[in-house]
Amino acid sequence: MPSPLVEVDDERFARQGVTLLLKRDDLIHPDLPGNKWRKLAPNLADGDGRPVLTFGGAYSNHLRATAAAGRLLGFATVGVVRGDELAGRPLNPSLARCAADGMRLHFVDRGTYRAKDDPRVLAALLDRFGDARVIPEGGSNARAAQGCTELGRELRGRTEVAAVACGTGGTLAGLAAGLDPGQRALGVAVLRGGFLTDAVRGLQREAFDGPAGRWSVEDRFTFGGYARTTPELHAFADDFEYRHGLPVERIYVAKLLYALVRLAAEGAYTPGARVTAVITGRPEPEPEPEPVPVPEREPEPGA
């Protein structure tokens, strides 16, 4: 079933003659956040029951979705997490959710993580955790890109620009391929490094035997890198929530929406255009504070 597409009244777009739409992929499933199920489903289609081993950062929506899928569909999951300094520390809400869903978390140093595609590194992981299906970081591979073409098809004839926040590029690769020729896709990078354009090109070669659709990458709005935020970004997200009553996830969605507002102010859209933001995740609920014990009242003197 397609995710909802809703129009929001935002004066920052209206004054440019532009309409903002939100593609609510965050509502696909309560336990599989955002677009991640579109990428996971083709990778799990064989249903062979083997454990799944995959990779992500400490706030990875992909790890959360994989862990939830494992719980719901009955297969074991292993998450290889970037940053061995996190081992032994209290888990953040995202990793705590993974653990609650049964995922085994394995923290590795950043050098090892960067070499995760090295056959020797993969062999060591499989030797440690046993025979498993390996799904790459962010779930981005040819199958994932093919799965995300449905997202583009759902937007055919409904928008001129379809924009999505990008970590590894799989959603953008498939989104662009699924759109009509007159539409274009925009990827807003949430990581520094300028690698995303090459990554999307590579995914499209693997998935579609070459370039597919019109797309581009905007890399000015990383706010310092993955899982990095600034007071300006938080203030923007708070304001968007106030304007539209939509909780804004900070790692991906806030950067996407900020970029689209800035681009509107810069005149990047043709007047009359419809611009769609693909909402790929929901914010984590704030952890409940630890209860503070109330000291017993001392007796009154003379009691």
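- In the hydrophobic clustering, F208 connects to no other residue, as no ILVMFWY side-chain heavy atoms lie under 4.5 Å from its own.
- R24 has its side chain within reach of L246: a pair of non-hydrogen atoms, C-beta onward, lies under 4.5 Å apart.
- Cluster membership check: V81 shares its hydrophobic cluster with M103, using side-chain heavy-atom separations under 4.5 Å among Ile, Leu, Val, Met, Phe, Trp and Tyr.
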Show which side-chain atoms of residues 221-229 pair as donor or acceptor with protein atoms under 3.5 Å away, not counting sequence neighbours.
unit_1	atom_1	unit_2	atom_2	d
Y226	OH	Y59	O	3.2
Y226	OH	S60	N	3.4
T229	OG1	H234	NE2	3.0

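- S3 and D25 form a side-chain donor-acceptor contact under 3.5 Å, judged by distance and modelled atom types alone.
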>> Using side-chain contact (heavy atoms from CB on, under 4.5 Å), reason through V275 and L260 one step at a time and then give a plain yes or no.
In response: CA-CA 8 Å; V275 175; L260 294 182; 4.3 Å; yes

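- For the salt bridge (charged side-chain N to carboxylate O under 4.0 Å, His left out) condition, no pair includes a residue of residues 167-177, sequence neighbours left out.
- Pairs passing the salt bridge (charged side-chain N to carboxylate O under 4.0 Å, His left out) check and including a residue from residues 68-77, sequence neighbours excluded, read D31-R71, R71-D101.
- Among pairs with a residue in residues 137-196, none fulfils ring pair (Phe, Tyr, Trp, His ring centres under 6.0 Å), at least two apart in sequence or across chains.
- Closest approach of A145 to A207, counting heavy atoms only: CB-CB, 3.9 Å.
- Counting heavy atoms from C-beta outward, L125 and L53 have side chains that approach closer than 4.5 Å.
- Closest non-hydrogen pair, F107 versus D84, comes out as CB-CA, 4.0 Å.
- No side-chain heavy atom of V278 sits under 4.5 Å from any side-chain heavy atom of T171.
- Looking only at side-chain heavy atoms (C-beta outward), L105 and C98 come within less than 4.5 Å of each other.
- Follow the hydrophobic side-chain contacts under 4.5 Å out from V261 and you reach V6 in the same cluster.
- With sequence neighbours excluded, the residues satisfying side-chain hydrogen bond (donor to acceptor under 3.5 Å, both in side chains) with D131 are R50.
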> Does the pair D109 and R114 meet the rule for a salt bridge (Lys or Arg N to Asp or Glu O under 4.0 Å), with working shown?
Replying inline: CA-CA 9 Å; D109 65 85; R114 284 193 295 272; over 6 Å; no

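- E266 meets the salt bridge (Lys or Arg N to Asp or Glu O under 4.0 Å) test with R220, R262; sequence neighbours excluded.
- Side-chain contact between R158 and L21 is absent, with no heavy atoms from C-beta onward closer than 4.5 Å.
- Using a 4.5 Å heavy-atom cutoff, the side chains of R38 and I28 are in contact.
- Looking at H29 and L72, their side chains come closer than 4.5 Å, going by heavy atoms from C-beta outward.
- For D9, the CG atom counts as loosely surrounded, since its 6.0 Å shell holds 12 or fewer non-hydrogen atoms of other residues, nucleotides or ligands.
- Within a 6.0 Å sphere centred on CZ of R243, other residues, nucleotides and ligands contribute more than 12 heavy atoms.
- To the nearest 0.5 Å, atom CG of residue L32 and atom CG of residue L73 are 8.0 Å apart.
- When all heavy atoms of A58 and L95 are compared, the pair lying nearest together is O-CG, 3.4 Å.
- Under 4.0 Å is where a charged nitrogen must lie from a carboxylate oxygen, and between E160 and R274 at least one such pair does.
- Contacts classified as ring pair (Phe, Tyr, Trp, His ring centres under 6.0 Å) and involving residues 135-169 (residues at least two apart or in different chains) are not found.
- Under a 4.0 Å N-O distance rule, the pair K39/E137 does not qualify as a salt bridge.
- The aromatic rings of Y113 and F55 stand perpendicular to each other, their planes meeting at an angle above 60°, with 30° marking the opposite boundary.
- Distance CG/L22 to CG/L5: 8.0 Å, rounded to 0.5 Å.
- Taking 4.5 Å as the limit, some side-chain heavy atom of H62 sits within range of a side-chain heavy atom of L40.
- Taking the ring centre of F75 as origin, the terminal cationic atom of R133 falls inside the region bounded by 6.0 Å and 45° from the ring axis.
- Remark: side-chain polar atoms of R15 are not paired, donor with acceptor, to backbone N or O of A265 under 3.5 angstrom.
- Listed here is the closest heavy atom pair of A189 and L196: CB-CD2, 3.9 Å.
- Atom CG of D10 sits about 11.0 Å away from atom OG1 of T19, to the nearest 0.5 Å.
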Solution key, residues 173-187 side-chain donor-acceptor pairs under 3.5 Å, sequence neighbours excluded:
unit_1	atom_1	unit_2	atom_2	d
Q183	OE1	D180	N	2.8
Q183	NE2	L155	O	2.8
Q183	NE2	T159	O	2.8

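- In this structure, L203 shares a hydrophobic cluster with no other residue, the cluster being traced through Ile, Leu, Val, Met, Phe, Trp and Tyr side chains under 4.5 angstrom apart.
- In this structure, F13 CZ and E7 CD are separated by 12.0 Å, a value rounded to the nearest 0.5 Å.
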> For V253 and F240, what are the C-alpha separation, side-chain angles and deciding distance, and is it a side-chain contact (heavy atoms from CB on, under 4.5 Å)?
Replying inline: CA-CA 11 Å; V253 176; F240 197 95; over 6 Å; no

>> Between V121 and T112, does the side-chain contact (heavy atoms from CB on, under 4.5 Å) criterion hold? Intermediate values first, please.
In response: CA-CA 7 Å; V121 173; T112 300; 4.1 Å; yes

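- Between the Y252 side chain and the G167 main chain, no donor and acceptor come within less than 3.5 Å of each other.
- The heavy-atom pair separating N43 from N141 by the smallest distance is OD1-ND2, 2.8 Å.
- Under the 4.0 Å criterion applied to side-chain N and carboxylate O atoms, E85 and R110 are assigned as salt-bridge partners.
- Residues in residues 123-149 take part in these ring pair (Phe, Tyr, Trp, His ring centres under 6.0 Å) pairs, two or more places apart or across chains: H106-F129.
- Hydrophobic clustering (ILVMFWY, side-chain heavy atoms < 4.5 Å, transitive): L63 and V108 are in distinct clusters.
- Residues V188 and V8 share a hydrophobic cluster, clusters being chains of Ile/Leu/Val/Met/Phe/Trp/Tyr side chains in contact below 4.5 Å.
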> How far apart are the C-alpha atoms of L256 and V164, what are their side-chain angles, what is the distance that settles it, and do they pass the side-chain contact (heavy atoms from CB on, under 4.5 Å) test?
Replying inline: CA-CA 7 Å; L256 168 67; V164 65; 5.5 Å; no

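- Rounded to the nearest 0.5 angstrom, E241 CD and F236 CZ are separated by 10.5 Å.
- In this view, R205 and R201 satisfy the side chain to side chain contact (heavy atoms under 4.5 Å, CB included) rule, not counting sequence neighbours.
- Remark: T270 OG1 to Q16 CD distance equals 11.5 Å, nearest 0.5 Å.
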